Amino acid sequence: MGSRDADIDFTFTCPTTVRAILDVLTRAGWSAVVPPGGVSYMINDADDMYEWYDGTLDALGEALALLDQPGNLPYTVALNVYHSEARTGGMLMFMPGRTDVSFMPTIDRRHIPAAPEFTDLAWYLHALVPALVMAGLEGYEANEIHY
C-alpha cells in the first residue's frame with residue numbers, strides 16, 4: 001500500500017515573513033492555534049536540528065518575532081496553522097530567503113471523497129491561494145507523492 005505525502009510549494013515576488021503570511025491567512029479563517037489549543041513552531045538552526053517548540057496563544061507574538069528575526073533568515077522555519085471551520089490544518093515551512101514557502105496538510109488531512117487515498121489539494125488551494133495573493137504570491141506547485 002505505501003504512504004502518501006502532499007505539499008504545495010508557494011513562490012512569492014519578494015521575501016515575506018511568517019507574520020505577514022499568518023496575517024493574510026487569519027483573514028481567510030486560518031489560525032496559528034492548533035488543537036488542542038496551542039501554538040507549534042520550528043527553527044532549523046545552524047546545527048541543522050529541526051527543533052519544534054510548543055506554546056500557548058499568549059506566546060504567539062514572541063514566537064512570530066523569533067521566527068522572523070533577521071538571524072533566522074538563513075534557516076528554515078515553520079509554523080503550524082489550522083482552519084477551525086474546515087477542521088484541518090498543516091505546516092507552513094518558510095525556506096531560507098523567505099521567497100519560497102511550503103504547505104504540508106498534516107493535521108486531519110482532507111481527502112477527495114470519491115478517491116480517499118488522495119489529498120484534496122484543490123480544497124487547500126482554494127483555501128490558501130486567494131489570501132496569499134494579497135501577500136505577493138507569484139505562483140505555486142502542488143504535489144502528491146506515493147512511496
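Note that this is a predicted model, so its numbers are computed, not measured.
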Non-hydrogen atoms of [X] and [Y] that approach each other most closely:
| X | Y | result |
| --- | --- | --- |
| P130 | H126 | CD-O, 3.3 Å |
| D54 | S40 | OD1-OG, 3.0 Å |
| P74 | G71 | CD-O, 3.4 Å |

Applying side chain to side chain donor-acceptor pair (under 3.5 Å), name anything that partners [X], two or more places apart in sequence or on another chain.
| X | answer |
| --- | --- |
| E144 | R4, T119 |
| Y41 | none |
| D9 | S102 |

### Spatial distance of atom OH (Y53) from atom CG (L79) [nearest 0.5 Å]
14.0 Å

## Note on the structure
In this structure, CG of D7 is separated from CD1 of I145 (nearest 0.5 Å) by 6.5 Å

Pairing residues for [X] by the side chain to side chain contact (heavy atoms under 4.5 Å, CB included) criterion, not counting sequence neighbours:
| X | result |
| --- | --- |
| T13 | E138 |
| N44 | M42, D48, Y50, T76 |
| D58 | T56 |

### Query
If we only count heavy atoms from C-beta on, is the L128 to Y140 side-chain gap below 4.5 Å?
no

### Query
Are W52 and N80 side-chain neighbours, meaning at least one heavy-atom pair lies under 4.5 Å?
yes

#### Entry: side chain to side chain donor-acceptor pair (under 3.5 Å) contacts touching residues 84-97 (sequence neighbours left out)
T88-Y124

### Query
Which is it for Q69 and L67 under the side chain to side chain contact (heavy atoms under 4.5 Å, CB included) test, yes or no, and what are the steps along the way?
CA-CA 6 Å; Q69 74 181 20; L67 293 169; over 6 Å; no

### Query
Taking the six-membered ring for Trp, are H83 and W123 ring centroids under 6.0 Å apart?
yes

Give every donor-acceptor pair under 3.5 Å between a side-chain atom in residues 16-33 and any protein atom, sequence neighbours left out.
{"from": "T17", "atom 1": "OG1", "to": "A20", "atom 2": "N", "distance (Å)": "2.9"}
{"from": "T26", "atom 1": "OG1", "to": "L22", "atom 2": "O", "distance (Å)": "2.7"}
{"from": "W30", "atom 1": "NE1", "to": "A127", "atom 2": "O", "distance (Å)": "3.2"}
{"from": "S31", "atom 1": "OG", "to": "V33", "atom 2": "N", "distance (Å)": "2.9"}

Could you give the side-chain donor-acceptor pairs of residues 89-99 under 3.5 Å, partners two or more places apart or in another chain?
{"from": "R98", "atom 1": "NH1", "to": "L73", "atom 2": "O", "distance (Å)": "3.4"}
{"from": "R98", "atom 1": "NH1", "to": "Y75", "atom 2": "O", "distance (Å)": "2.8"}
{"from": "R98", "atom 1": "NH1", "to": "M95", "atom 2": "O", "distance (Å)": "3.1"}
{"from": "R98", "atom 1": "NH2", "to": "N72", "atom 2": "O", "distance (Å)": "2.8"}
{"from": "R98", "atom 1": "NH2", "to": "Y75", "atom 2": "O", "distance (Å)": "3.2"}

### Message
Is there a side chain to side chain contact (heavy atoms under 4.5 Å, CB included) between F12 and L132? Walk through the geometry before answering.
### Response
CA-CA 9 Å; F12 291 86; L132 295 177; 4.1 Å; yes

### Query
Are V39 and M104 connected in a single hydrophobic cluster, I mean Ile/Leu/Val/Met/Phe/Trp/Tyr linked by side-chain heavy atoms less than 4.5 Å apart?
no

### By ring pair (Phe, Tyr, Trp, His ring centres under 6.0 Å) - contacts of F10 (at least two apart)
none

### Message
Could you list the cluster mates of F118? Members are the ILVMFWY residues connected by side-chain heavy atoms closer than 4.5 Å, either directly or through other members.
### Response
I112

### Message
Which Ile, Leu, Val, Met, Phe, Trp or Tyr residues join I107 in one cluster when any pair of side-chain heavy atoms under 4.5 Å counts as a link?
### Response
V34, Y82

